[in-house]
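Right, one structure below, let's go through it.
Chain A is the first sequence line, chain B the second, and so forth, proteins listed ahead of strands; every chain is numbered from 1. Note that the coordinates shown come from a computational prediction; the quantities given were computed from them, not determined experimentally.
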Number of protein chains: 2
Amino acid sequence: MKNKLKVLRAEHNLTQEQLAKAVEVSRQTINAIEKEKFDPSLMLAIKLARLFKTEIESIFIYAKD
Amino acid sequence: MKNKLKVLRAEHNLTQEQLAKAVEVSRQTINAIEKEKFDPSLMLAIKLARLFKTEIESIFIYAKD
DNA sequence: TGATAATGTCAAGTTTATTTTACATTTTTT
DNA sequence: AAAAAATGTAAAATAAACTTGACATTATCA
């Protein structure tokens, strides 16, 4: 699954640390998601979408097969 | 986190087994999510929203605090 | 009513998300 | 250029999602 977190974060002028705090996870979690080491939980995805006032699907792009 | 899976599944006339197959998880996973034992992964949530042609947020409702 | 399908649930195991700690590298600021 | 801030990364531990298999209960149907 691909994602646009890094771009969104840049657009909003946030550090990984600040974003992490805003959605209540560790900085390493944000980093790992940006680096696409793993996908966020549904709850974290919802929090991120809310924060950036956008759709989950426009942040996290999953193309089937 | 609350969800409307059971209702959606009923509206679409699907058994847990059929739904499980459609989104490629086990029947027990569907059952556990309906019973709110745990939340789906982001990928599974996306698949379910696609299948039911609706928004993730209208299936899975997370109220903060 | 008796058979069959559907659902609920449990245990044990695997995989994935997330944490903490720690340190190295890169970027920004003074 | 030196200091400080931000990012990348890794290991070890924990928690959560998910699997398979098995069985019990409930609903549907012939």
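If you take CD of B/E24 and P of C/dT15, they are 18 Å apart, rounded to a whole angstrom. The CG atom of B/N13 sits 11 Å away from the P atom of C/dA6 (whole-angstrom rounding). When the C1' atom of C/dT18 is taken as reference, atom NZ of A/K21 falls 18 Å away, rounded to whole Å. For the pair B/M1 CE and D/dA16 P, the computed distance is 13 Å after rounding to whole Å. The interatomic distance linking A/L42 (CG) with C/dT16 (C1') rounds to 15 Å, in whole Å. As a whole-Å value, the separation of B/D39 CG from C/dA17 C1' is 13 Å. If you take CD1 of A/I33 and P of D/dT7, they are 15 Å apart, rounded to a whole angstrom. Here the P atom of nucleotide D/dA17 and the NZ atom of B/K47 are 17 Å apart, to the nearest Å.
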Inset, instruction - Let me have a per-nucleotide readout for nucleotides 7-13 of chain C, 5' to 3', with B, S or -, counting only protein heavy atoms under 4.0 Å. - result: BBBB---
Inset, instruction - Could you give me the CA-CA distance, side-chain angles and deciding distance for A/V23 and A/T29, then say whether side-chain contact (heavy atoms from CB on, under 4.5 Å) is met? - result: CA-CA 11 Å; A/V23 295; A/T29 291; over 6 Å; no
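The end-to-end axis angle of the helix from C/dT1-D/dA30 to C/dT30-D/dA1, rounded to 10 degrees and based on five pairs per end, is 50°.
With sequence neighbours left out, B/K4 forms a side-chain contact (heavy atoms from CB on, under 4.5 Å) with B/I61. B/K2 is linked by a side-chain contact (heavy atoms from CB on, under 4.5 Å) to B/E36, counting only residues two or more places apart in sequence or in another chain. With sequence neighbours excluded, the residues forming a side-chain contact (heavy atoms from CB on, under 4.5 Å) with A/Q28 are A/S26, listed by chain and number. Taking B/S41 as the reference, nothing meets the side chain to side chain donor-acceptor pair (under 3.5 Å) condition, with sequence neighbours excluded. Here B/N31 pairs with B/Q16 under the side chain to side chain donor-acceptor pair (under 3.5 Å) rule; sequence neighbours left out. Listed by chain and number, the residues in a side-chain contact (heavy atoms from CB on, under 4.5 Å) with A/K6 are A/R9, A/E34 (sequence neighbours excluded).
A 4.5 Å side-chain heavy-atom check between A/L8 and A/L48 finds every atom pair outside the cut-off.
Within the structure, ring pair (Phe, Tyr, Trp, His ring centres under 6.0 Å) pairs that include any residue of residues 20-60 of chain A comprise A/H12-A/F52 (at least two apart or interchain). The stretch residues 46-57 of chain A participates, sequence neighbours left out, in these side chain to side chain donor-acceptor pair (under 3.5 Å) pairs: A/E24-A/K47, A/T54-A/S58.
Between the CG atom in B/N3 and the CD1 atom in B/I56 there is a gap of 12.5 Å [rounded to 0.5 Å]. Separating the CD1 atom in B/I33 from the CE atom in B/M1 is a distance of 9.5 Å, to the nearest 0.5 Å.
A/V7 and A/L19 end up in different hydrophobic clusters when Ile, Leu, Val, Met, Phe, Trp and Tyr side chains are linked at under 4.5 Å.
Residues A/A45 and B/L42 approach most closely at CB-CD1, 3.8 Å, considering heavy atoms.
At the heavy-atom level, B/S26 lies under 4.0 Å from base atoms of the strands shown. Backbone-only contact: A/S41 has heavy atoms under 4.0 Å from sugar-phosphate atoms and none from a base.
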Distances under 3.5 Å between protein N/O atoms and the N/O atoms of nucleotides 27-30 of chain D, please, pair by pair.
none

What nitrogen or oxygen pairs link the protein and nucleotides 24-26 of chain D at under 3.5 Å?
none

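Between A/T29 and C/dT19 there is a side-chain polar atom (N or O) within less than 4.0 angstrom of OP1 or OP2.
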